[in-house]
Amino acid sequence: MMKRTTRSPWLRALSLLLCLCLLSVSSAGCTGRVPSDPSSRVVSAEEAERRRFDAWLDALFREEISQNILNLHCTTAHPENIGIEDYPISLGDLSAAADAEGWKKLRQDIEELEEFDYTRLTAEQQLTRDILAVGLKDSLKLEGFRLYDNLLSPLKGIQAALPTLLAEYTFYDARDVQDYLDILGLFPSLFEGMIAFAQEQADAGLLMPDFGLEKTLDQCGELIADTDGHFMLDSFNRRIAAAGFLSDTEKAQYQAENEELFRDTVVPAYRTLMEGLTALKGASRREGGLSQLEDGREYYRILVRDATGSDKSVEELKSLLQERLTADFREIAEILMEHPEAYEHMFDLTVDLSDPRQVLERLKTEIAADFPVPPDRPFTVNEVPSSMEKHSSPAYYILPPIDDPDHNVIYINRSQNTGDIEDFVTLAHEGFPGHLYQTTSFYASNPNRVRLLLSFSGYAEGWGTYAEMYAYRLAGIDEPVRRLNELNKSVTFALYCLADIGIHYEGWTYDQTKAFFTGAGLDEAAAREIYETLVIHPALYLSYYVGYLEFLELRTEAEQALGDRFVLREFHEFLMKIGPAPFELIRERMQGWIGGRQAAAA
């Protein structure tokens with residue numbers, strides 16, 4: 001799972017590196033006026049339009065990352081180097097008025113984007129323009145659904161992401177330290193805004209069910225249960241101690257100020273949030289999915305598109321999932337009939353996982369046969385703080401600032417480690433050839449920096465799942481066991497995704513969902529946990545699995561078109577160069593890539 005900034009209309013100004021690569025292309029609030037270019041009078045019309053487009057993108061980029069301090073800091077280490085000297089210390093505005101203004105600006109962005117002469121742009125500019133156009137228009141479909149988003153979910157909510165973000169808030173200079181402390185001072189107003197937002201949801205009948213509130217309350221309680229030696233204090237002190245630009249006196253002053261703000265501002269803000277959410281228990285008008293809400297099915301269709309990057313309809317995805325599930329079950333039966341002993345060895349692993357960094361270095365080396373050599377970028381591996389383990393993902397990768405590509409961090413949740421092969425492939429998902437590999441490779445291709453603000457969950461998490469599946473072959477296990485592991489994961493994802501569609505699109509009740517999962521071999525307790533997770537986080541697993549299936553479809557198309565000329569390494573290189581995008585645009589560009597390979601071989 002990869003964390004990045006959320007970019008949706010209700011939180012366009014708050015940068016959160018969330019667990020499921022939740023950065024979509026919802027850019028409500030992005031605006032950019034195109035500065036005049038005096039030199040355009042002495043260049044060709046094509047060159048003038050290209051310069052004008054680059055200037056517009058640059059203005060769009062600066063406007064977007066300047067909207068709030070976390071977005072700015074997480075995107076660029078040195079904003080002064082791109083002309084941003086003054087910026088507000090803000091975490092955004094969750095009000096309906098700000099939301100309306102954001103949609104107005106989004107429509108303006110789309111209008112301005114469409115004014116450029118597409119035929120005069122370079123191929124790279126055309127790709128950037130196409131990605132922006134598709135993404136922004138997709139985002140516009142969410143207008144009117146402000147209160148449908150779950151800002152307070154235990155996995156994706158603001159309260160869950162902020163501590164991790166702040167623990168990784170790098171101090172490049174003294175201004176960064178002061179900005180960090182100013183952010184802590186914003187916690188009360190931010191959390192009061194979240195409570196007000198939740199109250200609006202309750203009044204509109206859109207608040208998440210009580211079991212979701214309970215999980216969030218439990219998460220907040222654990223986070224502030226033991227403030228002595230809290231990870232937010234410890235991480236701050238470590239970063240301050242390493243800040244060579246500060247004197248010892250300054251370090252001591254900052255540490256004292258941080259501790260005071262944490263105890264007197266941050267912790268009380270969490271308590272206030274808990275009080276506000278506790279008062280809302282019982283206010284939810286639903287126990288099930290989005291299908292129970294007015295226009296909930298339409299919102300789900302939009303959400304699925306946003307989560308997957310696939311242009312397939314929900315009905316088409318359901319058929320695809322059912323076909324895949326049937327085929328996977330059939331192959332599992334065939335393998336077990338021929339190799340009954342394989343089942344007993346499914347989770348065996350010969351790899352020593354005691355040093356995750358060493359495992360990642362090994363993966364980096366062993367993927368070289370099928371993947372282009374990645375840039376040689378450093379990375380660190382940290383453990384999820386104990387107070388956040390229960391509601392955190394098994395692992396996640398935090399994207400680096402665009403001007404500090406060496407700042408790569410992977411978090412491991414020790415409480416959710418299995419000690420078997422799944423831990424190994426999880427490292428591949430986050431590292432090589434997963435998120436770390438894909439991100440550093442794309443950064444190295446030097447795309448327009450606007451594209452580094454845009455991420456697509458289907459591409460990102462689909463690639464992470466693709467990396468997991470590939471990694472099984474590096475785990476030192478026999479072929480039948482390897483294939484069983486791949487099929488087991490595929491079946492699990494397919495079941496979760498079909499249940500997601502059932503709950504949010506077809507109106508499944510808990511009893512129907514329980515029957516579906518118990519019929520597949522799960523016990524009732526597991527069925528309940530999965531049901532609640534899916535209700536709180538619609539389309540959660542679709543990003544991973546549909547994105548993965550889209551990559552498999554692309555690969556199959558390329559293999560069939562190129563035959564013996566297909567080279568897996570070259571296919572992966574194409575995917576890394578094109579970068580995050582909706583799958584229909586990737587498929588369109590792949591046809592050109594295939595044509596080039598065919599022409600070269602002719």
[X] side chain to [Y] side chain, donor-acceptor N/O pair below 3.5 angstrom:
X	Y	answer
S95	D93	yes
Y545	S490	yes
Y300	D295	no
Q219	Q159	yes
Q560	E557	no
K489	Y472	yes
E468	Y548	no
D370	Y470	yes
H429	E461	yes
N413	S392	no
Q126	D130	no

For residues [X] and [Y], establish whether the separation of their ring centroids is below 6.0 Å.
X	Y	value
F145	Y148	yes
W463	H572	yes
F583	F551	yes

Does the Q292 side chain pair with the main chain of G288, one donor and one acceptor, at a distance under 3.5 Å?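 Yes.
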Sidechain N-carboxylate O distance under 4.0 Å for [X], [Y]:
X	Y	value
R414	E389	no
R297	E506	no
E111	R107	no

Spatial distance of atom CG (L436) from atom CD (E430) [nearest 0.5 Å]: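 Rounded to the nearest 0.5 Å, the CG-CD separation comes out at 9.5 Å.
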